Amino acid sequence: MGTIVSFHAHPDDESIGSAGTLARAAAAGHRVVLVFATRGELGEPVPGVLAPGEPLAMRRSAECYASAAAIGAKRVEFLGYTDSGMMGEPTNDAPYCFWQGDIEHAARRLAVILDEEEPDVLTIYDDNGGYGHPDHIQVHRVGRRAAELSAVPVVAQGTINRDWMIRGVRGLAESGQLPEGWTPPAAEAPAFGKPESEITHRVDAVDFVEQKKASMRAHASQMGPDHFLLAMPGPMFAMGMGVEFYIVDPVPSPAATPELFEELFTPLR
């Protein structure tokens, strides 16, 4: 049995970006651990979901445990920072937000968990955090440093395959399968994801899309039934969300490659 620790900025990030990978790992008998930098205090709740006076952070924290159960994760931890909000917002300057946190100090907090778990793989985000969110960028920086402190064998940077998404959306449009009124993410925006040439590995998780969808539904304060991802037809969801992409740099030598990594991650080239 191996261990994979998945480090995320906010509750629900694990669902969208890596739930397929984590569910596949858990189903194979590996230990899965979720770590969140913040409790997502600045998220926009689905109208009517929260009870009067209910703090969003409390609801989102509870949703993490429901998501973990759907994925098969065995441990959930929070580093204790607050949500920084989108890039350029005044909330980026709040003294206790993750974006303002000292990288070395935050890395030591994460390293405590890594030392306890001794993971084979740590998942973080790419250097732009997928789409430029400050907390996601900070996950990349803090995660890389924590992995150095704890000598984690493999750091896998979760990312969005921009070329894959563009091809998929164009193919659906040409075949008339794109749902009426459905607007895809801005896949062609320069800050959205990474080109395929920079991506090193993929995880095929088509057989675990139901667990991934259940993980997303667990975050009901952020994703209602009409959320564009949850509203996707089953075949489209499987095609678009059933493969997850990563940048592994450096790739470990064959002699130092954990079995968990070889089992789950397939080189693109």
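One is the number of the first residue; the rest follow in order along the sequence. For the numbers below, each heavy atom of this structure counts, side chains included, while hydrogens, waters and symmetry mates do not. These numbers come from a predicted model, not from an experiment.
A cation-pi arrangement is present between Lys213 and Phe237, with the terminal nitrogen or guanidinium carbon under 6.0 Å from the aromatic centre and inside a 45° cone about the axis.
Taking the ring-ring contact (aromatic ring centres under 6.0 Å, His included) definition, one finds that Phe208 meets it with nothing, sequence neighbours left out. Qualifying side chain to side chain contact (heavy atoms under 4.5 Å, CB included) partners for Ala26, counting only residues two or more places apart in sequence or in other chains: Val32. Under the ring-ring contact (aromatic ring centres under 6.0 Å, His included) criterion, Phe261 pairs with His201, Phe265, not counting sequence neighbours. Residues passing the ring-ring contact (aromatic ring centres under 6.0 Å, His included) test with His8 are Tyr125, sequence neighbours excluded. Under the salt bridge (charged side-chain N to carboxylate O under 4.0 Å, His left out) criterion, Asp207 pairs with no residue, sequence neighbours left out. With sequence neighbours excluded, the residues forming a ring-ring contact (aromatic ring centres under 6.0 Å, His included) with Phe78 are Phe36, listed by chain and number.
Following chains of ILVMFWY side-chain contacts shorter than 4.5 Å, one cannot reach Phe245 starting from Val121, and the two form parts of different hydrophobic clusters.
Counting only residues at least two apart or on different chains, no salt bridge (Lys or Arg N to Asp or Glu O under 4.0 Å) pair has a member in residues 260-269. Every pair passing salt bridge (Lys or Arg N to Asp or Glu O under 4.0 Å) that includes a residue from residues 103-112 is listed here, sequence neighbours excluded: Glu104-Arg145. Within the structure, salt bridge (Lys or Arg N to Asp or Glu O under 4.0 Å) contacts touching residues 59-74 (residues at least two apart or in different chains) are Asp12-Arg60, Glu54-Arg59. Applying the salt bridge (Lys or Arg N to Asp or Glu O under 4.0 Å) definition to pairs two or more places apart or across chains, those involving residues 234-247 are Lys212-Glu244.
When hydrophobic side chains of Ile, Leu, Val, Met, Phe, Trp and Tyr are connected at separations under 4.5 Å, Ile137 ends up clustered with Met87, Trp99. Other members of a hydrophobic cluster containing Leu42 are absent, since no ILVMFWY side chain comes under 4.5 Å of it, directly or through relayed contacts.
In this pair, His133 and Tyr131 present their aromatic rings perpendicular. The plane angle is above 60°, beyond the 30 to 60° band.
Residues Gly85 and Asp135 share a closest heavy-atom pair of N-OD2, 4.3 Å.
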